[in-house]
Amino acid sequence: MQLRRVGRAAVLVEVDDAAAALALATWARGRAAPAAEVVPAAATVLFDGVHDVEGLTALLGAWTPADLPPAGDTVEVEVRYDGPDLAFVADAWGTDVDGVVERHSATDFVAEFCGFAPGFSYLAGLEDELAVPRLASPRARVPAGSVAVAGTWCGVYPTASPGGWRLLGQTAARLWDQDRDPPALLAPGTRVRFVPA
Amino acid sequence: MTLHVLATGPLVTVQDRGRTGYAHLGVPRAGALDAEAAALGNRLVGNGHDDAVLEVLLGGLTVRAGRGCWVAVTGAPAPVTVDGVPRGHVRAEWVPEGAELRLGTPGSGLRSYVAVAGGIDVAPVLGSRSTDTLAWVGPPAVTAGAVLPLGRPLAAPRPLDTPPVPRPGPLRILPGPRADWFTADALDVLCGSSYSVTADSDRIGLRLDGPALRRAREGELSSEGMMLGAVQVPPDGRPVVFLADHPCTGGYPVVAVVEPADLGRCAQLRPGDEVRFTALPPLPHLPAPGAARD
């Protein structure tokens with residue numbers, strides 16, 4: 001774990017990977033870390049709006065990567081597997097379309113961090129050998145509810161937007177609703193299973 | 001208790017001090033870009049810190065008061081009229097019921113703030129009335145025909161207040177957190193050069209043209225949390241200063257962070273304006289966590 005100062009009121013903590021970042025962020029939230037924002041990402045946690053840098057540093061000293069967060073709630077997301085990139089992904093995974101559906105819906109995913117858009121969660125769980133490249137040139141418009149993969153990440157587009165991930169299918173689930181509490185369906189720490197519709 | 005919007009310029013949004021506590025869900029902070037100017041407007045009309053104001057890009061706003069109300073225009077000095085009669089900038093002005101308040105085009109700066117006694121009382125979204133223009137969380141942009149609810153004024157206007165004198169000189173930066181991704185001379189290039197504000201600058205970031213900063217290493221940074229004032233450097237090497245609607249995470253390295261007190265000036269820079277930077281001495285390194293306990 002390495003700490004980097006960011007301006008006057010933020011600290012960026014480097015950890016091994018997204019799972020460790022989620023574990024640290026969850027742990028620090030549970031101990032009321034003196035920060036306005038605790039933002040886990042791919043291999044870091046940003047503590048922003050920190051008014052007591054020494055207090056935060058002392059708190060972080062008590063964390064070890066072995067402190068795993070308790071398992072989050074499990075959310076089932078119904079998917080209609082009819083995405084335009086199914087055949088590409090099947091080819092990359094050395095299987096057919098049914099094989100992709102079977103593999104994807106049998107995977108236990110964890111939402112490790114959000115980014116890109118409100119409620120867009122990076123879902124970990126696919127094995128390394130299932131990594132697929134992004135589109136060389138992103139689509140101008142990916143519909144809301146698109147279930148997609150890129151690298152070993154899976155994600156669901158909360159709103160229509162440009163996007164370069166490989167589209168597997170569609171869900172009717174509302175990923176983001178600013179009038180709901182919590183507004184994100186798949187907040188960091190949430191466990192996710194995809195269920196064929 | 002309403003304000004009827006008759007006309008707008010390029011962009012009018014409702015802003016308060018922004019949205020806190022949702023960055024981990026990908027929600028930008030938003031909030032008035034020139035926070036000091038917005039706070040001054042609120043003080044002048046007797047509002048609290050958290051009341052919402054209108055942020056007006058390059059003037060062009062006309063509103064009709066549904067009831068008589070105190071109003072103050074701060075920030076970029078747009079000419080102010082009430083029913084065609086010139087009124088002051090940075091002072092509480094009475095707008096009678098049915099009268100029209102109009103903001104002309106400011107001669108300098110970009111963003112004016114209209115504070116109304118009682119505050120703009122649109123429904124808060126996730127704890128804030130601010131409009132974020134990256135993901136459009138919060139109330140929609142204000143357009144002609146909108147009817148904005150006003151809160152009940154709780155205090156008398158305070159006519160005596162003065163705008164903070166803008167600090168001249170370069171924008172102050174603290175190096176890091178990813179200065180080590182750039183060549184050793186990158187900070188010297190950043191602080192020794194003149195950059196100019198480009199026309200695609202917005203509430204998300206102040207985009208700059210000038211000497212490119214060169215990377216010292218290959219590969220891509222993993223996506224990480226981004227912060228207000230971050231000087232992020234995309235692959236073309238031209239720095240972008242992140243403002244209130246910046247994305248919560250990003251994959252380009254941040255070479256330095258602009259001091260919070262200098263961000264209000266960033267809000268008022270126009271395309272073509274010159275920007276210079278100066279580096280403050282780095283803050284002491286943080287001890288390794290737990291070392292103090294040994």
Side-chain angles (χ1 to χ4, degrees), chain A residues 1-14 17-18 21-22 25 29 35-49 53-54 56-64 113-122 158-159 161 176 178-179 181-184 186-189, chain B residues 18-29 123-126 132 134-139 172-180 220-231 247-251 254 256-261 280 282-294:
Chain A
M1 180 166 56
Q2 195 193 340
L3 273 53
R4 289 174 184 260
R5 294 196 87 137
V6 183
R8 236 163 252 288
V11 175
L12 187 69
V13 182
E14 296 182 301
D17 53 22
L22 173 63
R29 271 180 195 285
E37 307 281 0
V38 180
V39 188
T44 55
V45 180
L46 176 69
F47 293 85
D48 199 2
V53 172
E54 283 78 26
L56 176 66
T57 310
L59 175 69
L60 293 175
W63 181 73
T64 68
F113 63 96
C114 287
F116 175 65
F120 185 96
S121 301
Y122 288 78
T159 48
S161 71
W176 177 255
Q178 62 182 25
D179 299 320
D181 185 24
L186 309 179
Chain B
R19 205 165 267 117
T20 311
Y22 295 96
H24 66 294
L25 301 182
V27 179
R29 69 185 69 225
V125 173
L126 302 177
D132 142 59
L134 178 69
W136 296 100
V137 176
R172 295 166 296 174
I173 54 171
L174 279 166
R178 298 292 180 193
D180 54 348
E220 290 306 315
L221 184 69
S222 303
S223 193
E224 64 187 25
M226 288 290 137
M227 60 300 295
L228 190 62
V231 182
C248 297
T249 58
V254 172
V257 180
V258 174
E259 281 283 278
L280 296 171
L283 297 173
H285 277 291
L286 292 174
R293 296 180 304 166
D294 293 339

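In the text below, chain A, chain B and the rest are named by the order of the sequence lines, each starting its count at 1. This structure is a prediction, so every number in the text was calculated from the model and none was measured.
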Requested in this report: Could you tell me which of Ala135(B), Gly229(B), Ser223(B), Gly251(B) has the largest number of non-hydrogen atom pairs under 4.5 Å with chain A?
Outcome: Ser223(B)
Query - Side chain, backbone, both or neither of Val53(A) within contact of chain B (heavy atoms, under 4.5 Å) - result: side chain
Query raised in the report: Who wins among Ala9(A), Ala41(A), Cys114(A) for the most heavy-atom pairs under 4.5 Å with chain B?
Result: Cys114(A)
**Report entry** Heavy-atom proximity to chain A below 4.5 Å, by part of Leu221(B)
**Finding:** neither
Query raised in the report: Looking at residues at least two apart in the chain, or sitting in another chain, which of them share a side chain to side chain contact (heavy atoms under 4.5 Å, CB included) with Gln178(A)?
Result: Trp176(A), Val125(B), Val137(B)
Query raised in the report: What part of Ala10(A) gets closer than 4.5 Å to chain B, counting heavy atoms only: side chain, backbone, both or neither?
Result: neither
**Report entry** Non-hydrogen side-chain atoms of His24(B) and Val38(A) separated by less than 4.5 Å
**Finding:** no
Query raised in the report: Is there side-chain contact between Ser161(A) and Phe116(A), with at least one heavy-atom pair below 4.5 Å?
Result: yes
Query raised in the report: Which residues satisfy the ring-ring contact (aromatic ring centres under 6.0 Å, His included) test with Phe47(A), sequence neighbours excluded?
Result: none
Query raised in the report: Do you know which of Glu14(A), Met1(A), Glu54(A) has the most heavy-atom pairs with chain B at a distance under 4.5 angstrom?
Result: Glu14(A)
Report task. For chain B, find which of Ala25(A), Ala35(A), Ala42(A) contributes the most heavy-atom pairs closer than 4.5 angstrom. Result -> Ala42(A)
Query raised in the report: Between Arg178(B) and Glu224(B), is there a side-chain N and carboxylate O pair less than 4.0 Å apart?
Result: yes
Report summary line: Comparing Leu283(B), Leu228(B), Val257(B) against chain A, the one with the most heavy-atom pairs below 4.5 Å turns out to be Leu283(B)
**Report entry** Heavy-atom proximity to chain B below 4.5 Å, by part of Val11(A)
**Finding:** side chain
Query - Student check: side-chain heavy atoms of Asp48(A) and Val39(A) closer than 4.5 Å - result: no
Query raised in the report: Which region of Val6(A), side chain (C-beta onward) or backbone (N, CA, C, O), has a non-hydrogen atom less than 4.5 Å from a non-hydrogen atom of chain B, or is it both or neither?
Result: both
Query - Non-hydrogen side-chain atoms of Glu37(A) and Thr20(B) separated by less than 4.5 Å - result: yes
